[in-house]
Number of protein chains: 2
Amino acid sequence: MNPEVAAEVATTQARGRRTRDELVAAAAAAYGDVGFDGASLREIAKRAGVTHAGLLYHFPNREALLAAVLERRDELDAERLNVQLPPALGPLDRLIELAAYNEGNPSIVELFVRLAAEATSDPHPARAYFRNHYRLAREFAASGFRQLRDEGRLRAGVDPDVAAVGFIALMDGLQVQWLTDRSAVDLKTALRHYVEQMLEKP
Amino acid sequence: MNPEVAAEVATTQARGRRTRDELVAAAAAAYGDVGFDGASLREIAKRAGVTHAGLLYHFPNREALLAAVLERRDELDAERLNVQLPPALGPLDRLIELAAYNEGNPSIVELFVRLAAEATSDPHPARAYFRNHYRLAREFAASGFRQLRDEGRLRAGVDPDVAAVGFIALMDGLQVQWLTDRSAVDLKTALRHYVEQMLEKP
DNA sequence: CCTACCGATCGGTAGG
DNA sequence: CCTACCGATCGGTAGG
C-alpha cells in the first residue's frame, strides 16, 4: 500500500469512528428522552445525521447499540468518580459530588432512571448490566461506610452494608422524584442529611 | 319498562362492569410486565378475553385506560394503608408494612417502578398523577417524622421534611434494586434501619 | 454509507 | 361487543 492510499484509509476510518461516536451519543440522548423501548433506530439515526440503515452499518442490531451506550456511560462515570475529583475525597463524598454534577445534566439522569426501570423485566438486554452495576455501586458505598467506622465516626448500630444499600437506593429514588418535580427535591441536601445521621454526633 | 326487561338490563350492565374490571386488572399486569409504552391494547385485551376493539368499547382511548389503572391502584393502596392495619400504627410503620406486603407482589412493584420512570418525560399522560402522588407520599411520611419529634424521639438535627423526602426515595430506590436482584436487598430491614438512625438512641 | 423494500405490529375507526 | 379495515411506524435485510 502506497502512502497516499494509506492516508486515505486512515481518514476514512477516522470518519467512521466519529460517526460511531455520534451514534452512541445520539442513542444515549434518545434513551434518556423516551427510554430504550421508545427510541427507534430511525430517530437515533436522524439525530446523528444518517439513515437508520446507516446506523445498522455500524452496529449489527439494536442491542449492540445499547451495549455501546452503557459501555460509554461507565467510561464517563469512572472518569468523573476517580479522576476529576480531589484525591482526598472519600467514596461517599465522591458519590454525592457525582449526584450534584448530574443535577446539571437531567438527560443523563433520565437515561439511567428509564433504562434501570425497563431492565427490571426478565429478558431485557440490559438486565445483567444493571445487576452488576448495582453490585459495584453498593460495594463502593460500603467501603465508604467501613472507612468511617474504622475512623470511629460511624454511629453505633449502623451496619455498613445496610447503610450502603440505602445510600444507593436513596440516590436512585431521589432522582426519580427530582425528575418528576425539580423544585421538590435537593439531591445534595438529602444525601448529606442521610450520611450525617449515620455518624456519631461529634 | 317491565320487570323482565329491567332484570335483563341489570345483568347486562353487571357483565359490562365485570369486563371493565378485568380490563383494568389486565392492563395493570401488562404495564407491570412491560411498561405502559410496551403494553399494546391487543395484548391487554387478549389477557381479558376480548379483542382490542372490544377494549375500546369500554375505554375511549389508551390514556383513559391508564387513568383507570392509576385510580384503581390508589383505591387499593388507601385500603391497605388505612383499613387493613392496626389503628395504633404510625404513618412510617404503615409505609413499611405496605413495602413488606408488596414484597409478595412483584408485579405491583414493577407496575409502579416502570410507570414512574416513563412518566418523568415531559408530555407523559401519567406525569401529573405522579407529581401529586409523590407530594402526598412525602407529606404522609413527614407527618410520621413530626409525630416522632413531638414525642421527643427524633434525633437532634433531623429535619422531618428532609427525612420524609429521603424515606420515600428510599422506598422507590430499594424497589428498583430489589427487582433487579431479589437476593441483594431486604426492603423491611433497610427501611427500619433508616428510621432507627433518625431516632435518638433510647 | 444509501435506496428500497420486507413482514409485523401499532392505536384507532366504521359499521354492524 | 366483533370483523375488517386504515395509515403510520417498527427492526432488519438486499443490493449496491
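Here is how names work: the chains are called A, B, and so on, in the same order as the sequence lines, proteins then strands, and each is numbered from 1.
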Undergrad: Would you call the rings of F130(B) and H133(B) parallel, tilted or perpendicular if under 30° counts as parallel and over 60° as perpendicular?
TA: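 Rings of F130(B) and H133(B): perpendicular, over 60°.
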
Undergrad: Would you kindly give the CG-to-P distance between N61(A) and dG12(D), to the nearest whole Å?
TA: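 Going from N61(A) (CG) to dG12(D) (P), I get 5 Å.
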
Undergrad: Side chains of D181(A) and R138(B): does their closest heavy-atom pair fall under 4.5 Å?
TA: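 In contact.
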
Undergrad: For the side chain of A53(B), starting at C-beta, report the closest nucleotide among dG12(C), dT3(D), dT13(D).
TA: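 Given the options dG12(C), dT3(D), dT13(D), the side chain of A53(B) is closest to dT3(D).
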
Undergrad: Send over the distance from E63(A) CD to dC10(D) C1', rounded to a whole Å.
TA: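 Going from CD in E63(A) over to C1' in dC10(D) covers 16 Å.
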
Undergrad: In whole Å, what is the span from the CD atom of Q13(B) to the C1' atom of dC1(D)?
TA: 15 Å

Undergrad: Looking at every strand, decide which applies to A45(A) at a 4.0 Å heavy-atom threshold: base, sugar-phosphate, or nothing.
TA: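 Counting heavy atoms under 4.0 Å across all strands, no contact is made by A45(A).
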
Undergrad: Quickly work out the R62(A) CZ to dT13(D) P distance and round it to whole Å.
TA: 14 Å

Undergrad: Need the pair for dG16(C). Rule: Watson-Crick or G-U wobble, both distances under 3.5 Å, any strand; none if unpaired.
TA: dC1(D)

Undergrad: Measure from CG on L56(B) to P on dC5(D) and round the result to the nearest Å.
TA: 18 Å

Undergrad: Just N and O in the side chain of T51(A): are any of them under 4.0 Å from OP1 or OP2 of dT3(C)?
TA: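 No, because none of the side-chain N or O atoms of T51(A) sits under 4.0 Å from OP1 or OP2 of dT3(C).
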
Undergrad: Just name whichever nucleotide pairs with dA8(D), Watson-Crick or G-U, keeping both distances under 3.5 Å, else none.
TA: dT9(C)

Undergrad: What is the separation between atom CD on E43(A) and atom P on dC10(D), rounded to the nearest whole Å?
TA: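 Going from CD in E43(A) over to P in dC10(D) covers 8 Å.
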
Undergrad: Looking at dG12(C), dC2(C), dA4(C), which one has an atom nearest to any side-chain atom of H52(A)?
TA: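 Within the option list, the nearest is dA4(C).
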
Undergrad: Would you say E103(A) and V109(A) make side-chain contact, with heavy atoms under 4.5 Å?
TA: no

Undergrad: Parallel, tilted or perpendicular for F145(B) and F167(B), by the 30°/60° rule?
TA: perpendicular

Undergrad: Kindly say if S40(B) contacts the phosphate of dC10(C), meaning a side-chain N or O under 4.0 Å from OP1 or OP2.
TA: yes

Undergrad: Check whether any side-chain nitrogen or oxygen of H58(B) sits under 4.0 Å from OP1 or OP2 of dC1(D), and answer yes or no.
TA: yes

Undergrad: Can you tell me how far CD1 of I44(B) sits from CZ of F36(B), rounded to the nearest 0.5 angstrom?
TA: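 Atom-to-atom, F36(B):CZ and I44(B):CD1 are 8.0 Å apart.
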
Undergrad: Taking atom types as they are modelled, is there a donor-acceptor pair under 3.5 Å from the base of dG11(D) to the side chain of R42(A)?
TA: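 A donor-acceptor contact between them is present.
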
Undergrad: Using whole Å, report how far CD1 of I44(B) lies from C1' of dG11(C).
TA: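 Distance, rounded to whole Å: 11 Å.
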
Undergrad: Taking for each residue the nucleotide of DNA chain C bearing the nearest heavy atom, is the 5' side occupied by Y57(B) or by P60(B)?
TA: P60(B)

Undergrad: So what does L41(A) hit on the nucleic acid, given a heavy-atom distance under 4.0 Å: a base, only sugar-phosphate, or nothing?
TA: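 The answer is sugar-phosphate, as L41(A) gets under 4.0 Å only of primed atoms, P, OP1 or OP2.
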
Undergrad: Measure from CZ on F36(A) to C1' on dG11(D) and round the result to the nearest Å.
TA: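 Going from F36(A) (CZ) to dG11(D) (C1'), I get 11 Å.
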
